[in-house]
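Note that the structure is predicted; figures quoted are calculated from it, not measured.
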Amino acid sequence: MTKEENEKRLAYLKNIVLNMPEKPGSYQYYDDLRENGGTIIYVGKAKNLKRRVSSYFHKEVDRFKTKVLVSKIRDISYTVVNTEEDALLLENSLIKKYNPKYNVLLKDGKTYPSILVTNEYFPRIFKTRHINKKWGTYFGPYPHISAMYNVLELIHKAFKPRRCRQPITQEGIDNGKYRPCLEYHIHNCDGCCVGKQTREDYLENIRQAKEVLKGNTRELSEWVYKRMMENAKIMKFEEAERLKERYLLLQDFVSKSEVVSHTITDVDVFTITDDENKKNAYINYIHVKNGTINQSFTYEYKRKLDESDEDLLIQAIPEIRERFGSTSKEIIVPFEMEWKLKDAEFFVPQRGDKHHLLELSEMNGKQYKFDRLKQTEKLNPEQKQTRLMKELQDKLHLDKLPYQIECFDNSNISGTDAVAGCIVYKGMKPSRKDYRKYNIKTVTGPDDYASMQEVVRRRYSRMKEEGTPLPDLIITDGGKGQMDVVREVVEDELHLNIPIAGLAKDDRHRTNELLFGFPPQVIGMKTDSELFHILTQIQDEVHRYAITFHRDKRSKHALHSALDDIKGIGPKTKETLLKSFKSVKNIKGASLEELATVIGPDKAHKVHEALNETS
């Protein structure tokens, strides 16, 4: 599009905006002129249409996604309504109808099962993943499958709806068309197909089952109890016993439900949780009926235009309430809402049972976000590594991602066999081919600081000379003291700019702090976090590596014998001698002739002479 064409487009759109009313309503953006068959690409709502739509065309709009949307608009239409609530409902219905490209995307929960009460002559109750409202009434969806099976088990035990699939008609019953199945004989069904149970009685059971599915279990339990007592008074003991069994089943089910408050009768709870990059949002919905949570579900929304949390929440609430058929008059939300809803009030609790509900909803949203992250990282492990590197970068305020991390540790016993190890992590994973072992050469006695300086000096002076890529972060296995001696070499002697961190241990020798900066400061980090576990893993790995090297060196010294110092006597000759004479002492006591028969006269002479000289 040329500059002239773009100016003409903006002039046309601004003229439409100029003539818009200052009333509530919904507006629609098109990707072409309406007379040319333009498609709706965005639907919005406004308390004041003119003010809201004109805000898209202000020069100071700096949101990239909004600028992209504005560049695509070719035409605008709008619908005026009487109230703000009507504008909200109209926006919701238009989004469902047209599914515009730039509106937030709700990832549907159809993969979760629901419970269906069919609209047959004798209704059935069962789980399904296929939604077709012509078949009957749906309850759910149920993200927690075990909770759904618990409800179904209660319904089958207490109300005994038929489980067979045959279409039952009154005419077929009257003509004796059906035969009772196994479910009847094992008392899971009362035999409605053969006239053993009247349709009125059957439908009454279905009505009560629906009350359970709606969350009215406590009220239904009280009603069943009254009916039981009434039948007992008029001496209908069989009916009273049947109602008693149902009452006990309902009471057992209620006792296992999570009761939040006996004073909360009917309330909806909504919270929103953002992901790290604010591209997606997770909206959790909890419905409480008679003090008991009977529904909890989390929806994932994908942001299209950097919508605020309030924008997403106000769009999601009517849609989710409609899906679950909620008519609650009170809606608990985490912050004040600018918009209003018909027949319901928003409430932001500060304390008490309702605040507990809000916290519970937030916890569910965060858990869903965590589970989604784990699923994604299982499919793409590199995403997890990048996330952890980004988290460490943010914690330490590093200039770049700490892709290559190096860590050092010393090992010696009273200064003997002093060694050091350097391990390398790349992309938060060990790069074992880059591990290095060092024999301490210039330090005598148990001086860990001097040993650390020698190793660091040798490693980075060589890397500097060879032009090898330097690490993005050095981690010392120790606190402030180790950090200071490493910094003296890296920064003061070698003049290298490499960030240095330290892992300090507590009195129980457990790593409990990450130190960074100059002077070193404790970096706030939970010790049970995933990042801290990786850092302690690095520390454990370098400790293992240094200790293993030290043990190997000590073992070699322990196995050293007088035969090792004889020139011209190799490992095979040594092995032959030890195999024949069993020990160095026996070899030393053997005659020249005895040695010659085993390894030959030349080598025998060398061994005999060397061992007898040492005596």
Exercise for review: Taking the side chain as every heavy atom from C-beta outward, state whether Tyr56 and Tyr29 have any atom pair closer than 4.5 Å.
Suggested key: yes
Practice item. Could you grab the distance from atom CZ of Arg458 to atom OG1 of Thr442, nearest 0.5 Å is fine? Key: 8.0 Å
Exercise for review: Using atom types as modelled and distance alone, determine if a side-chain donor or acceptor of Ser361 lies under 3.5 Å from a backbone N or O of Leu358.
Suggested key: no
**Study point:** Ionic contact status for Asp434 with Lys426, cut-off 4.0 Å
**Key:** yes
Exercise for review: Could you go through the side chain to side chain contact (heavy atoms under 4.5 Å, CB included) check for Phe532 and Lys526 one step at a time?
Suggested key: CA-CA 7 Å; Phe532 200 82; Lys526 292 183 179 179; over 6 Å; no
Exercise for review: Identify the residue among Leu494, Val489, Val456 that makes a side-chain contact (heavy atoms from CB on, under 4.5 Å) with Ser461.
Suggested key: Leu494
Point to revise | Test item: side-chain donor near acceptor, Ser451 and Asn410, under 3.5 Å | key: no
Practice item. Report yes or no: is the cationic atom of Lys354 (NZ for Lys, CZ for Arg) under 6.0 Å from the centre of the six-membered ring of Phe347, at an angle within 45° of the ring normal? Key: yes
Check your understanding: Can you list the steps and then say if Glu530 with Glu391 is a side chain to side chain contact (heavy atoms under 4.5 Å, CB included)?
Key -> CA-CA 10 Å; Glu530 197 170 8; Glu391 186 179 344; 5.9 Å; no
Practice item. Decide if atom CG of Asn497 counts as having more than 12 heavy atoms of other residues, nucleotides or ligands within a radius under 6.0 Å. Key: no
Review point. Are Asn284 and Thr271 close enough that a side-chain donor and a side-chain acceptor fall under 3.5 Å?
Key: no
Point to revise | Side-chain ion pair, Asp394 and Lys390, N-O less than 4.0 Å | key: yes
**Study point:** Test item: Gln385 side-chain N/O and Met428 main-chain N/O as donor-acceptor pair under 3.5 Å
**Key:** no
Check your understanding: Salt bridge or not for Glu541 and Arg544, using N-O below 4.0 Å?
Key -> yes
Check your understanding: Between Glu493 and Tyr460, is any side-chain donor less than 3.5 angstrom from a side-chain acceptor?
Key -> no
Point to revise | Side-chain donor or acceptor of Asp477 paired with backbone N/O of Gln539 under 3.5 Å | key: no
Review point. Quick one: does Lys395's side chain have a donor or acceptor within less than 3.5 Å of a partner on Ile523's backbone?
Key: no
Review point. When rounded to the nearest 0.5 angstrom, what is the spacing between CD1 in Ile474 and CZ in Phe408?
Key: 6.0 Å
Exercise for review: Step through the shown structure and confirm whether more than 12 heavy atoms of other residues, nucleotides or ligands are within 6.0 Å of CG on Asp492.
Suggested key: yes
**Study point:** side chain to side chain contact (heavy atoms under 4.5 Å, CB included) assessment of Phe346 paired with Glu336
**Key:** CA-CA 8 Å; Phe346 290 117; Glu336 295 292 340; over 6 Å; no
Review point. Stepwise, does the side-chain hydrogen bond (donor to acceptor under 3.5 Å, both in side chains) test hold for His355 with Glu359?
Key: CA-CA 6 Å; His355 184 67; Glu359 291 177 332; 3.3 Å; yes
Exercise for review: Compute whether any side-chain donor of one residue and acceptor of the other, for Lys437 and Tyr545, lie under 3.5 angstrom apart.
Suggested key: no
**Study point:** Verdict with supporting geometry, Tyr299 and Glu319, side chain to side chain contact (heavy atoms under 4.5 Å, CB included)
**Key:** CA-CA 11 Å; Tyr299 285 98; Glu319 184 173 358; over 6 Å; no
Check your understanding: For Thr273 and Lys369, does a side-chain donor sit closer than 3.5 Å to a side-chain acceptor?
Key -> no
